[in-house]
Amino acid sequence: TSVGQQVVDVKIGEISTSFSFQMIPGKPAQLKVMDCHPEETFTIYNDGRLPIPLKVQLYDSYGNPCALEGVRMQLGKSPGLKLSPPTQHQRSDAHGQVNFGFTSVRADR
């Protein structure tokens, strides 16, 4: 789907008309990490920092970005893994994004 202004033309013989409407994204159905491909793997040493800021974007079920402000998100992690700064709830901005920033990672030995 294409989000934004859409136009529909209707024609019957020599008679025609058109109307327009604003297509908006549906409700959030997916989260994607920004600036990172899903098949990409990072190597981080213990007490190391992610090489990119950890940012996520809300998407609807058709893959359109959802510009939904105020959605509460929190990072999940495996037991024994420590993130710094500690995970805290954050709310999405007006673009449907949350920036958790540069995160350091530490694993118990």
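Here the structure is a predicted model, which is why all the values come from computation and not from measurement.
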Joint hydrophobic cluster, Ile52 plus Leu54, side-chain heavy atoms closer than 4.5 Å: yes
Nearest-0.5 Å distance, OG1 of residue Thr17 to CD1 of residue Ile15: 10.5 Å
From CA spacing to verdict: side-chain contact (heavy atoms from CB on, under 4.5 Å), Gln90, Leu75: CA-CA 9 Å; Gln90 292 197 32; Leu75 294 176; over 6 Å; no
Test item: Met73 and Val56 side chains (from C-beta on) under 4.5 Å apart, heavy atoms: yes
Within 6.0 angstrom of Tyr45 OH, more than 12 heavy atoms from elsewhere: no
Please tabulate, for the side chains in residues 92-101, all donor-acceptor contacts under 3.5 angstrom to protein atoms that are two or more places apart in sequence or on a different chain.
{"residue": "Ser92", "atom": "OG", "partner": "Leu68", "partner atom": "O", "Å": "2.6"}
{"residue": "Ser92", "atom": "OG", "partner": "Gly70", "partner atom": "N", "Å": "3.2"}
{"residue": "Ser92", "atom": "OG", "partner": "Val71", "partner atom": "N", "Å": "2.9"}
{"residue": "Asp93", "atom": "OD1", "partner": "His95", "partner atom": "N", "Å": "2.8"}
{"residue": "Asp93", "atom": "OD1", "partner": "Gly96", "partner atom": "N", "Å": "3.2"}
{"residue": "Asp93", "atom": "OD1", "partner": "Gln97", "partner atom": "N", "Å": "3.0"}
{"residue": "Gln97", "atom": "NE2", "partner": "Gln57", "partner atom": "OE1", "Å": "2.9"}
{"residue": "Asn99", "atom": "OD1", "partner": "Gly101", "partner atom": "N", "Å": "2.7"}

Nearest-0.5 Å distance that lies between atom CD1 in Ile44 and atom OG in Ser104: 9.0 Å
Cluster overlap Val33 with Leu31, hydrophobic side-chain contacts below 4.5 Å: yes
Atom CD of Glu39 with >12 non-hydrogen neighbours under 6.0 angstrom: yes
Within 6.0 angstrom of Lys77 NZ, more than 12 heavy atoms from elsewhere: yes
Nearest-0.5 Å distance that lies between atom CG in Asn46 and atom CZ in Arg106: 6.0 Å
Smallest separation among heavy atoms of Ser61 and Ala29, with atom names: N-CB, 3.6 Å
Minimum heavy-atom distance between Gln30 and Asp60, given as atom pair plus value: NE2-O, 3.0 Å
Interatomic distance, Ser78 atom OG to Leu83 atom CG [nearest 0.5 angstrom]: 9.5 Å
Spatial distance of atom CG (Leu58) from atom NZ (Lys32) [nearest 0.5 Å]: 11.5 Å
Phe21 and Val7, any side-chain heavy atoms less than 4.5 Å apart: no
Heavy-atom side-chain proximity of Gln5 to Gln22 below 4.5 angstrom: yes
Polar side-chain atom of Asp9 near backbone of Ser18 as donor-acceptor pair, under 3.5 Å: no
Least distance between heavy atoms, Pro65 atom then Tyr59 atom: N-CD2, 3.6 Å
Note, Lys55 side chain near Asp35 side chain (heavy atom, < 4.5 Å): yes
